[in-house]
Amino acid sequence: MSAADIRPLPIQELYSRWGTSYDQGRVNNMQGLDDTELETFLPKFVSLLLQSHPSASPLKVVDFGCGTGRNTLKLIAMLPGAEVVGLDATPALLEVAEKRCNEACASLPDNLRPGGLSFKVYNPLDERIDERPVTDQAQGLISTLVLEHLPLADFFRMCSSIVAPGGYLLITNTHEELAGIAHGSIVEPGTGAKLWSESHIHTNEAVKNEGGKWGFDLVEVQEGVPKDPDMVGAMRGHWDGVKCWVGFVLRKRV
């Protein structure tokens with residue numbers, strides 16, 4: 001298939017068209033790698049949150065770009081009693097996330113349920129939004145495989161408005177090495193059409209520097225190369241030896 005056969009779409013329409021199948025069955029290679037790397041990276045973030053937050057007051061964590069709740073479910077499981085907020089620009093995905101998370105919570109004993117659970121449609125690039133923060137200040141925010149769709153300044157402006165001083169930010173993204181040689185695309189369920197949306201290549205240094213401008217200091221960087229050939233699939237020859245995934249933890253200055 002040539003580049004001319006791939007149709008570009010605005011990011012919100014892309015995810016609406018991709019719909020609820022995009023995180024099912026690990027057909028998405030990057031999400032499979034994200035899940036694998038988060039097995040060690042997300043607990044580090046949660047540990048920092050718990051160490052820095054007084055137990056007397058409720059903890060609040062935001063999942064920005066939560067999609068269908070893939071990582072919102074992990075936050076619920078790892079942070080019982082916390083208030084969890086899911087934000088996404090695509091209403092159809094939020095509906096799935098809300099249903100999945102509510103069903104998961106209903107099966108938990110009272111002492112393991114979140115202190116609050118809510119979902120809101122939010123796009124930081126939408127010029128129609130007002131200047132008020134989308135949610136009250138939180139002690140933590142995660143954003144997984146979303147950063148490539150946003151300019152860094154817009155992303156960190158949003159984070160600065162949400163994360164309280166002393167709070168933590170976890171970001172995962174396509175690594176600059178992979179982004180420099182490949183452009184992510186999806187196959188639309190039902191039609192087989194290949195679709196893609198505009199993306200930004202963000203270097204590790206650029207993330208660190210832009211975060212610093214908005215009051216966030218880099219705590220840790222973790223980089224990932226696929227180790228499971230089945231995860232890479234048809235892209236194996238293209239990804240061999242290439243850093244594909246990167247994760248950042250940053251802390252907002254007090």
Side-chain angles (χ1 to χ4, degrees), residues 9-39 41-43 45-46 49 58-108 112-126 129 133-136 138-150 155 158-159 162-163 169-174 184 186 188-190 195 197 247:
L9 291 173
I11 186 62
Q12 188 168 342
E13 183 178 351
L14 175 74
Y15 278 91
S16 294
R17 296 278 289 276
W18 200 355
T20 58
S21 66
Y22 85 106
D23 66 350
Q24 304 302 309
R26 283 200 173 182
V27 295
N28 182 324
N29 293 329
M30 276 304 300
Q31 276 198 355
L33 182 56
D34 193 55
D35 283 334
T36 298
E37 295 292 340
L38 283 173
E39 288 174 5
F41 205 54
L42 187 58
F45 169 78
V46 168
L49 280 183
L59 184 69
K60 183 172 185 177
V61 184
V62 174
D63 184 0
F64 169 70
C66 67
T68 60
R70 177 174 61 98
N71 289 321
T72 320
L73 288 166
K74 296 172 187 174
L75 291 175
I76 291 170
M78 298 174 75
L79 292 167
E83 179 183 354
V84 179
V85 180
L87 304 177
D88 201 278
T90 308
L93 299 186
L94 275 177
E95 290 178 10
V96 177
E98 187 166 13
K99 183 174 184 293
R100 290 175 72 184
C101 292
N102 282 332
E103 288 177 350
C105 290
S107 67
L108 295 173
L112 295 182
R113 292 179 183 177
L117 180 62
S118 60
F119 296 87
K120 299 179 183 180
V121 177
Y122 179 70
N123 182 351
L125 301 183
D126 192 338
I129 61 176
V134 65
T135 184
D136 293 336
Q139 287 70 48
L141 183 148
I142 72 169
S143 183
T144 55
L145 303 184
V146 176
L147 188 62
E148 67 177 301
H149 300 305
L150 298 169
F155 176 79
M158 174 202 68
C159 293
I162 293 175
V163 180
L169 174 61
L170 179 147
I171 308 166
T172 71
N173 197 41
T174 301
I186 63 105
E188 184 179 30
L195 312 171
S197 183

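FYI, the numbering just counts along the sequence from 1. Worth saying up front: this structure is predicted, and the values here are computed from it rather than measured.
Aromatic ring pairs are classed by plane angle as parallel below 30°, tilted from 30° to 60° and perpendicular above 60°; the pair Tyr122 and Phe64 is perpendicular.
Considering only residues two or more places apart in sequence or on other chains, Glu83 meets the salt bridge (Lys or Arg N to Asp or Glu O under 4.0 Å) condition with Lys60. Not counting sequence neighbours, Lys120 has no partner by the salt bridge (Lys or Arg N to Asp or Glu O under 4.0 Å) test. Taking the side chain to side chain donor-acceptor pair (under 3.5 Å) definition, one finds that Ser143 meets it with nothing, sequence neighbours left out. Applying the side chain to side chain donor-acceptor pair (under 3.5 Å) test to Asn71 and every residue at least two apart in sequence or in another chain returns Lys74, Thr144. Annotation: side chain to side chain contact (heavy atoms under 4.5 Å, CB included) contacts of Leu73 (sequence neighbours excluded): Arg100, Cys101, Ala104.
Going from atom CZ of Phe119 over to atom CG of Asp88 covers 10.5 Å, rounded to the nearest 0.5 Å. For the atom pair CG (Leu93) and OG1 (Thr68), the distance works out to 6.5 Å, reported to the nearest 0.5 Å. Remark: Glu148 CD to Thr172 OG1 distance equals 10.0 Å, nearest 0.5 Å. Taken to the nearest 0.5 Å, the CG atom of Leu147 stands 4.5 Å off from the CG atom of Asn173. Between Ile171 atom CD1 and Leu141 atom CG the span is 8.5 Å, to the nearest 0.5 Å. Atom CG of Asp34 and atom CZ of Phe41 lie 10.5 Å apart (nearest 0.5 Å).
For the pair Lys99 and Glu103, the salt-bridge criterion is met [side-chain N within less than 4.0 Å of a carboxylate O].
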Start with the C-alpha gap between Ile76 and Leu117, add the side-chain angles, then the distance that decides, and say whether side-chain contact (heavy atoms from CB on, under 4.5 Å) holds.
-> CA-CA 9 Å; Ile76 291 170; Leu117 180 62; 4.0 Å; yes

